[in-house]
Amino acid sequence: MPPLPLPRSLFEADVRQVAVALLGQLVVRRETSGPPSIGRIVEVEAYGGLDLDPSAHSYRGPTPRCEVMFGPAGHAYVYATQGRCCCLNVSAVGDARGQAVLLRALEPVAGAERMRTRRLARLGQGPTRARLTAGYDHELASGPGRLCLCLDVDRSLNGVDLTDGDGPLYLARGEASPPPLWTPRVGLNPKSASHGWPWRALVPGCRAVSPPRTLR
DNA sequence: CTCACGATCAGCT
DNA sequence: GCTGATCGTGAGG
């Protein structure tokens with residue numbers, strides 16, 4: 001039996017509380033055939049929204065891209081990061097504050113074979129292919145774009161209700177997670193006032209978190 | 001229009 | 001460990 005969805009009330013709290021509450025929970029992706037693919041959330045980032053967080057897409061108010069951030073809590077905000085891949089966020093708080101939690105990494109729980117197939121379909125013959133075929137399942141969804149590739153999440157899912165257990169994508173109760181590790185968010189512009197804010201939360205010691213990034 | 005931005009991968013050192 | 005290529009979105013001129 002597929003797991004039951006999380007209640008919307010979980011997403012209506014302060015965005016950093018929502019971020020922590022999401023660690024250890026499950027992302028459930030319905031498949032056109034066969035059982036759903038499922039990943040456990042192991043890394044998230046909170047985005048503080050309108051007038052609060054210069055790194056949030058919603059900082060200056062709604063645009064066609066980020067308007068879901070200003071809608072009710074518990075919906076998917078999916079945006080394309082410059083062509084290659086998408087990122088999946090969960091709208092939080094509601095009340096037109098423009099807040100959301102970015103899902104940055106999953107640990108595969110069910111359907112890892114399908115996730116691997118989707119990752120490999122986008123790869124050439126380089127080292128990444130070699131690692132994934134060698135069985136490094138914890139690297140399948142270890143990044144916000146990889147996570148979306150694994151679960152076939154693209155902008156057609158922008159706005160879906162993640163509390164709808166009959167929908168194509170939803171969130172469900174996972175096992176309790178240990179107290180989170182807070183760090184600065186990844187990949188922000190160093191000139192930004194919010195650079196360095198410790199709004200990234202990880203499951204301590206989990207191998208499936210995103211790898212360190214070389215700053216350019 | 002032009003520019004900056006962000007995640008990923010390949011290829012090189 | 002570093003560099004270049006890729007490309008959707010939106011801000012500023």
Side-chain angles (χ1 to χ4, degrees), chain A residues 19 27 39 41-71 75-91 96 98-108 112 115-159 183-202 206-216:
Chain A
V27 180
I41 301 171
V42 298
E43 177 181 344
V44 294
E45 286 178 355
Y47 282 86
L50 185 66
D51 294 335
L52 279 175
D53 182 358
S55 299
H57 288 168
S58 51
Y59 179 56
R60 295 176 177 88
T63 66
R65 178 174 57 161
C66 72
E67 62 182 358
V68 173
M69 292 179 81
F70 291 88
H75 288 248
Y77 168 42
V78 183
Y79 66 89
T81 134
Q82 292 86 333
R84 263 196 188 278
C85 36
C86 289
C87 291
L88 172 62
N89 302 255
V90 184
S91 64
Q99 303 197 326
V101 176
L102 170 66
L103 305 187
R104 284 194 55 90
L106 303 178
E107 182 176 75
M115 298 182 197
R116 185 181 304 107
T117 300
R118 290 188 176 127
R119 286 292 310 280
L120 293 176
R122 300 278 296 252
L123 292 173
Q125 296 299 320
T128 308
R129 169 174 294 271
R131 293 185 67 79
L132 292 185
T133 51
Y136 286 77
D137 282 4
H138 61 283
E139 296 185 7
L140 285 171
S142 60
R146 295 170 177 183
L147 172 167
C148 289
L149 291 174
C150 280
L151 297 182
D152 193 26
V153 171
D154 60 26
R155 293 194 44 220
S156 70
L157 295 178
N158 189 44
T183 79
R185 293 176 291 182
V186 175
L188 302 192
N189 188 331
K191 295 176 300 190
S192 165
S194 55
H195 183 254
W197 292 1
W199 286 14
R200 173 187 184 227
L202 312 108
C206 180
R207 292 187 310 165
V209 301
S210 63
R213 285 222 296 162
T214 338
L215 301 172
R216 307 279 291 271

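In this text the structure is predicted, and so the values were computed from the model without any measurement. Lettering follows sequence order; numbering is per chain, from 1. Only heavy atoms go into these numbers, but all of them, side chains included; no hydrogens, no water, no symmetry mates.
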Asks: So, A/His57 versus A/Tyr47: side-chain donor-acceptor pair below 3.5 Å or not?
Replies: no
Asks: Where the side chain of A/Ala80 is concerned, which of B/dA7, C/dG8, B/dA10 is the nearest nucleotide?
Replies: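 Nearest nucleotide to the side chain: C/dG8.
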Asks: With a non-hydrogen cut-off below 4.0 angstrom, is A/Leu149 in contact with a base, only sugar-phosphate, or nothing?
Replies: nothing
Asks: Of all the choices, B/dC9, B/dT8, C/dG10, which nucleotide is nearest to the side chain of A/Leu123 once you look at every atom?
Replies: B/dC9
Asks: May I ask you to verify if any side-chain N or O of A/Lys191 is less than 4.0 angstrom from the OP1 or OP2 atom of B/dA4?
Replies: no
Asks: A/Thr81 side chain N/O closer than 4.0 Å to the phosphate oxygens (OP1, OP2) of B/dT8?
Replies: no
Asks: Mapping A/Tyr79 and A/Gln125 to their closest nucleotides on DNA chain B, which lands nearer the 5' end?
Replies: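 Its nearest nucleotide lies further toward 5', so the answer is A/Tyr79.
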Asks: At less than 4.0 Å, is any side-chain N or O atom of A/Arg119 found next to OP1 or OP2 of B/dC9? Yes or no.
Replies: yes
Asks: Between the side chains of A/Ser58 and A/Gln99, is a donor N or O closer than 3.5 angstrom to an acceptor N or O?
Replies: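 No donor-acceptor contact under 3.5 Å links the two side chains.
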Asks: Return the nearest nucleotide to the side chain of A/Cys87; candidates are C/dG10, B/dA7, B/dA10.
Replies: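 The closest nucleotide is B/dA7.
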Asks: Would you mind reading off the distance between A/Arg122 atom CZ and B/dT8 atom C1', rounded to a whole angstrom?
Replies: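 Distance, rounded to whole Å: 9 Å.
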Asks: Just to confirm, is there a sub-4.0 Å distance from OP1 or OP2 of B/dG6 to any side-chain nitrogen or oxygen of A/Arg213?
Replies: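 No.
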Asks: Give A/Arg146 one of three labels, base, sugar-phosphate or nothing, depending on what nucleic acid heavy atoms sit under 4.0 Å from its own.
Replies: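 It contacts sugar-phosphate atoms only.
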Asks: Counting side-chain heavy atoms from CB outward, which of B/dA7, C/dG10, C/dG8 is closest to A/Arg65?
Replies: C/dG10
Asks: Do any side-chain nitrogens or oxygens of A/Arg104 fall under 4.0 Å of OP1 or OP2 in B/dA7?
Replies: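 For A/Arg104, the contact criterion (side-chain N or O under 4.0 Å from OP1 or OP2 of B/dA7) is met.
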Asks: Going through the distances and angles, do A/Arg104 and A/Glu45 end up as a salt bridge (Lys or Arg N to Asp or Glu O under 4.0 Å)?
Replies: CA-CA 7 Å; A/Arg104 284 194 55 90; A/Glu45 286 178 355; 3.7 Å; yes
Asks: Above 12 or not: heavy atoms from other molecules or residues under 6.0 Å from OH of A/Tyr79?
Replies: yes
Asks: Check every atom of B/dA7, C/dG8, C/dA11 against the side chain of A/Arg60 and return the nucleotide holding the closest atom.
Replies: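 Out of B/dA7, C/dG8, C/dA11, the nucleotide with an atom closest to A/Arg60's side chain is C/dA11.
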Asks: Given side chains that start at C-beta, do those of A/Leu132 and A/Asp137 come closer than 4.5 Å, heavy atoms only?
Replies: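 No, too far: nothing below the 4.5 Å cut-off.
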